[in-house]
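None of the values given here were measured: they were computed from a predicted structure. Letters A, B, ... mirror the listed sequences (proteins, then strands); counts begin at 1.
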Amino acid sequence: MLTFILKRIGSGLVLIFIVTAITFFLTFGVGIPVAQNILGPSASADAIANLEAQLGIDRPIMEQYFSWLIGVFHGDLGISYFTREPVVNALITRLPVTMSIVLLSCLITLAISVVLGVASAARGGWLDKALQGIATFSYVFPAIILGIVLVYVFAIALRWVPAIGFVPISKSVSGWFASVVLPAVVLSIGGIASLAAQLRGSMIDELNSEYVRSLRARGVSEISILLKHTLRNAASPALTTFSLAFISMFGASLFVEKIFALPGFGTYGYTATIQGDLPAMLGVSLFSVGLVVVVNLAVDLANGWLNPKVRVR
Amino acid sequence: MKISTHLRVATAVVAACLALSACSGGTNDDTTSGATDPVTGAATSSAPAVDYTLHLSMQAPPSNLSIGNYSGGDTTIFLSVYDTILHKDLEAAIQPGLAEKWEYNADMTKLTLTIRQGIKFTNGEALDAQAVAASLKASCAGSSTAENLKSISSVDATDASTVVITLSKPDAALIPLLGGIHGAVGAPSLLSDESSQLKPIGSGAYILDEAGSTPGSVYLLKKNPDFYNADLYPFATVEERVIADNTAAQNAVKAGQLDYSGLPSMDLFSQFPAADFTTGNNRPGAIGILFLADREGKVVPALAHQEVRQAINLAFDRATIAAKLGPGIMNPTVQVVNPAGGAWGDDINATYNYNVDKAKSLLATAGFADGFAITMPSTVMSTQFEPIITQSLADIGITVTWESVPFQDFYTKVFGGNYGMYFMYNGFVGNDALDINAVMGGAFNPFYSSTPELQDLMDKANTSTSADAFKGVNKYLVDQAWFAPIVYMTPAYVISNNVTYTPPVITAASVLPWAPAK
């Protein structure tokens with residue numbers, strides 16, 4: 001198991017290296033006029049050249065790349081060209097925002113999709129059809145519309161929650177919850193549908209298997225069969241779907257961050273990309289790839305815990 | 001102006017237009033210290049600070065906050081923390097600032113500033129003439145400010161209260177510049193300290209509260225109790241959030257979280273009931289211009305002909321365009337200057353009334369009776385106007401091909417002289433000299449067009465203290481058809497019933513326009 005983990009970490013590091021290198025050279029190759037963008041359209045050629053020298057973007061590409069890479073090993077991801085904020089600091093302040101909505105969204109997704117999936121598989125009939133209908137509707141319903149509706153109803157009309165902004169959990173737990181609950185609901189819509197469908201299918205397969213018949217023959221209660229035996233076995237493929245949903249939620253967080261004006265990771269990455277803020281873009285790439293590697297590793301470990309058959313020796 | 005500002009649609013550009021400076025140069029030796037009315041500059045009576053947090057928003061986070069490196073956009077944070085050598089009221093008229101008096105010599109090449117005494121920076125350092133000179137020198141070398149201050153040849157603190165600025169040639173833009181980011185004064189010990197890029201220390205009306213701020217997302221300003229003009233700033237605290245999406249900002253106003261938002265259309269007024277909100281229009285903030293940049297015909301030979309450029313101007317039915325594209329917000333213009341300034345002329349605005357027949361005749365005179373073809377860059381800024389430009393020019397025989405250009409590449413392509421003509425917005429900065437300088441530099445003048453006549457007019461304007469000093473320059477530019485301006489914008493806004501708002505000549509410059517509701 002340890003070898004497996006080390007191998008996965010090693011391949012993850014290689015992946016991170018490759019993706020950040022591609023990001024760097026592609027961005028550099030496009031030749032985004034950073035200094036011109038900072039100074040505006042009226043800037044003279046001299047002013048642009050001076051700022052390029054000041055930012056160090058007049059240096060050869062390899063020198064810039066290795067300078068950044070060396071910084072990474074020292075925990076320094078550079079300084080934003082535009083705001084002059086250290087990228088590490090920016091990520092540290094923005095990650096709690098995005099992780100708050102993504103993690104709460106995961107909880108909502110898990111809770112609802114497990115209920116929908118298990119109930120559909122166990123009951124069948126009209127309940128299955130109704131729950132499938134709900135799942136399908138949530139899958140096709142545009143999340144952005146839902147976001148706008150929720151803002152209007154709960155933030156503007158009822159004023160139960162804020163329309164914009166983020167409250168750190170350290171400042172106020174209730175304030176934090178109010179600031180992230182609507183974004184989390186919006187973000188979870190698509191994930192609920194796919195996870196519930198996956199779980200329902202796996203549960204039906206498990207419920208039709210021979211060991212369930214044996215359990216029933218031994219008089220084990222249906223609740224125990226559902227929650228203790230079949231759900232655990234059905235969870236393995238669902239976990240993979242969930243991990244994909246988690247990563248896609250992380251990416252989709254940009255949209256909810258825009259609707260709710262949340263100063264999160266997605267907004268930071270989007271702005272950096274639009275501006276050509278290379279240090280910020282690289283920081284976002286580095287973290288995003290790292291997150292994918294960590295999530296995949298966690299899913300592998302969780303699968304091993306759930307199902308001893310898939311454990312790697 | 002930062003790219004993020006430019007990436008907005010027209011109304012957003014207006015809302016975030018540069019906040020630099022205003023008013024003409026000249027002398028003022030009868031000014032006094034003390035609180036002055038933000039609109040008129042008249043002395044006001046003292047008023048207590050209001051324990052209400054003014055909630056504002058900006059579309060992009062502030063850039064480098066150190067002296068000389070702030071690149072514009074919304075200057076509320078910058079100009080709240082840093083006091084400036086001169087002040088500008090809401091009419092963009094120059095008022096005393098850190099300099100109580102300012103006076104030019106006879107040939108307008110030496111400006112003597114008398115610095116207010118007894119002022120301290122918020123970190124306790126003394127603010128004297130040496131400190132003012134140090135900041136001005138930093139601005140003269142700063143990446144964002146050096147370009148506009150290149151007429152300054154030296155800055156000397158001759159005693160504790162006197163700064164003498166020597167110019168290589170008269171520059172009408174200098175006085176208004178000293179009332180904006182170029183005239184900001186920061187703590188001398190931190191001028192070259194990297195910490196000032198995020199944690200500026202000045203002597204302005206507010207102090208940036210580090211604990212309550214998150215760089216890039218929320219900025220909290222707390223009133224500086226020692227500020228000499230504190231009465232002009234009634235709010236005890238000001239919170240400014242970065243909200244890139246205008247719909248989110250509107251929602252925040254509706255939900256009571258923001259006190260002000262720009263609106264992209266007057267149609268949205270109906271969403272804000274008069275009982276809870278006040279809506280209105282800002283002053284002219286930006287202008288949509290077809291830059292006829294290739295005035296020597298290097299890329300598009302036809303543009304070298306004045307008649308062709310005039311024909312292009314005659315091809316636009318500006319009144320109809322304004323009424324259809326932005327009723328109540330867009331206004332027809334053929335001038336690149338601010339209608340609120342002295343260079344503007346109502347008579348000049350009638351120079352190119354819509355006349356297709358006359359346009360065709362001018363094209364024929366120039367030898368282009370059959371018209372010609374031209375390629376223009378298509379960006380997020382031009383898409384709204386592209387069908388109208390295409391149709392209007394087609395009506396006089398000019399065929400336009402739009403070439404899609406990512407906005408990130410726009411400046412490079414334009415600066416590289418790839419296009420003879422292109423559409424772009426420019427934000428008014430509250431001063432004729434600066435507005436004209438802006439459209440004649442950088443990516444707005446990629447072929448470095450200039451003529452002896454224009455230079456002569458510029459030289460005369462720079463040595464004049466008259467309010468309409470640049471009218472001659474403006475008229476020359478219009479007659480020569482250097483540009484084909486189409487519309488200027490008076491963007492709509494909404495405020496909460498917690499505050500009042502006086503539309504300023506320069507938007508997004510400071511917190512002066514807002515006051516608590518009675």
Side-chain angles (χ1 to χ4, degrees), chain A residues 30-48 50-55 79-86 89-90 93-94 97 148 151-152 154-157 159 161-166 168 257-264 267-268 270-271 273-277, chain B residues 1-7 18 57 60-66 69 71-73 143-144 146-148 150 194 197-198 214-218 241-245 247-249 251-258 406-412 414-415 424 426 437-445:
Chain A
V30 170
I32 296 172
V34 174
Q36 171 89 71
N37 290 344
I38 292 173
L39 296 176
S42 300
S44 69
D46 285 346
I48 291 167
N50 286 341
L51 184 55
E52 285 177 345
Q54 199 177 312
L55 296 174
I79 294 174
S80 159
Y81 291 153
F82 284 79
T83 65
R84 304 309 293 160
E85 184 183 17
N89 294 5
T93 54
R94 282 159 179 79
V97 181
I148 292 166
V151 167
Y152 181 78
F154 293 102
I156 296 171
R159 295 206 175 184
V161 294
I164 57 157
F166 174 75
E257 285 174 16
K258 279 201 81 174
I259 294 170
F260 295 93
L262 295 167
T267 313
Y268 184 70
Y270 173 77
T271 307
T273 307
I274 293 293
Q275 292 178 322
D277 193 343
Chain B
M1 207 182 289
K2 300 190 301 182
I3 184 174
S4 42
T5 309
H6 284 287
L7 283 167
L18 286 174
S57 67
S63 62
N64 187 336
L65 288 164
S66 63
N69 296 299
S71 54
S143 61
S144 297
E147 177 77 11
N148 283 328
K150 62 187 177 190
E194 284 189 2
Q197 296 177 351
L198 291 169
T214 304
S217 56
V218 183
R241 282 180 183 276
V242 178
I243 303 179
D245 185 58
T247 305
N251 287 337
V253 173
K254 290 174 188 167
Q257 287 184 270
L258 271 189
F407 195 80
Q408 294 94 324
D409 300 339
F410 176 71
Y411 292 151
T412 311
V414 166
F415 218 167
M424 184 63 182
N426 185 46
N437 284 348
V439 293
M440 287 176 25
F444 285 159
N445 190 7

Among all residues two or more places apart in sequence or in another chain, which pass the salt bridge (charged side-chain N to carboxylate O under 4.0 Å, His left out) test with A:Glu52?
none
Region of B:Phe410 in contact with chain A, defined by heavy-atom distances below 4.5 Å
neither
Please name all residues satisfying side chain to side chain donor-acceptor pair (under 3.5 Å) with B:Asn64, sequence neighbours left out, ordered by chain then number.
B:Ser66
Using 0.5 Å steps for rounding, measure from the OG atom of B:Ser63 to the CG atom of A:Asn37.
12.5 Å
Interatomic distance, OG1@A:Thr83 vs CD@B:Gln197, rounded to 0.5 Å, equals 9.5 Å
Any idea which heavy atoms bring A:Ser44 and B:Phe415 closest together, and the distance?
C-CZ, 4.4 Å
Quick check for you: among B:Ser57, B:Ala248, B:Ala249, which has the greatest number of heavy-atom pairs under 4.5 Å with chain A?
B:Ala248
If one checks every heavy atom of B:Asn69 against chain A at 4.5 Å, the contacting part turns out to be side chain
Winner by heavy-atom pair count (cut-off under 4.5 Å) against chain A, out of B:Val218, B:Leu258, B:Ile243
B:Ile243
Show the nearest heavy-atom pair for residues B:Gln257 and A:Ala163, with the distance to one decimal.
OE1-N, 2.5 Å
Sort B:Ala146 into side chain, backbone, both or neither according to what part of it lies under 4.5 angstrom from a heavy atom of chain A.
neither
Rounded distance (nearest 0.5 Å) linking atom CD of B:Glu147 with atom CG of A:Leu51:
12.5 Å
Which one of A:Ala155, A:Pro162, A:Ser80 has the most heavy-atom pairs closer than 4.5 Å to chain B?
A:Pro162
Please walk me through it: do B:Asp245 and A:Ile259 pass side-chain contact (heavy atoms from CB on, under 4.5 Å)?
CA-CA 7 Å; B:Asp245 185 58; A:Ile259 294 170; over 6 Å; no
Please look at A:Ile148 and chain B and tell me whether the side chain, the backbone, both or neither of the residue comes under 4.5 angstrom of a heavy atom of that chain.
neither
Using 0.5 Å steps for rounding, measure from the CG atom of B:Leu198 to the CZ atom of A:Arg84.
9.0 Å
All heavy atoms of B:Ser143 vs all of A:Ala47, minimum pair found to be O-CB, 4.4 Å
Nearest heavy atoms of B:Gly216 and A:Arg94, plus distance in Å
CA-NH2, 3.2 Å
Chain B heavy atoms under 4.5 Å from A:Glu85: which part of the residue, side chain, backbone, both or neither?
both
If I measure from the heavy atoms of chain B, does A:Ile164 come under 4.5 Å with its side chain, its backbone, both, or neither?
both
Please determine, among B:Pro215, B:Ala252, B:Pro406, B:Gly256, the option with the most heavy-atom pairs under 4.5 Å with chain A.
B:Pro215
Quick check on B:Thr247 against chain A: is it the side chain, the backbone, both or neither that has a heavy atom closer than 4.5 Å?
neither
Heavy-atom donor-acceptor pair, B:Ser144 side chain to A:Leu39 backbone, under 3.5 Å
no
Closest non-hydrogen atom pair between B:Ser217 and A:Pro263, with its separation
CB-CB, 3.0 Å
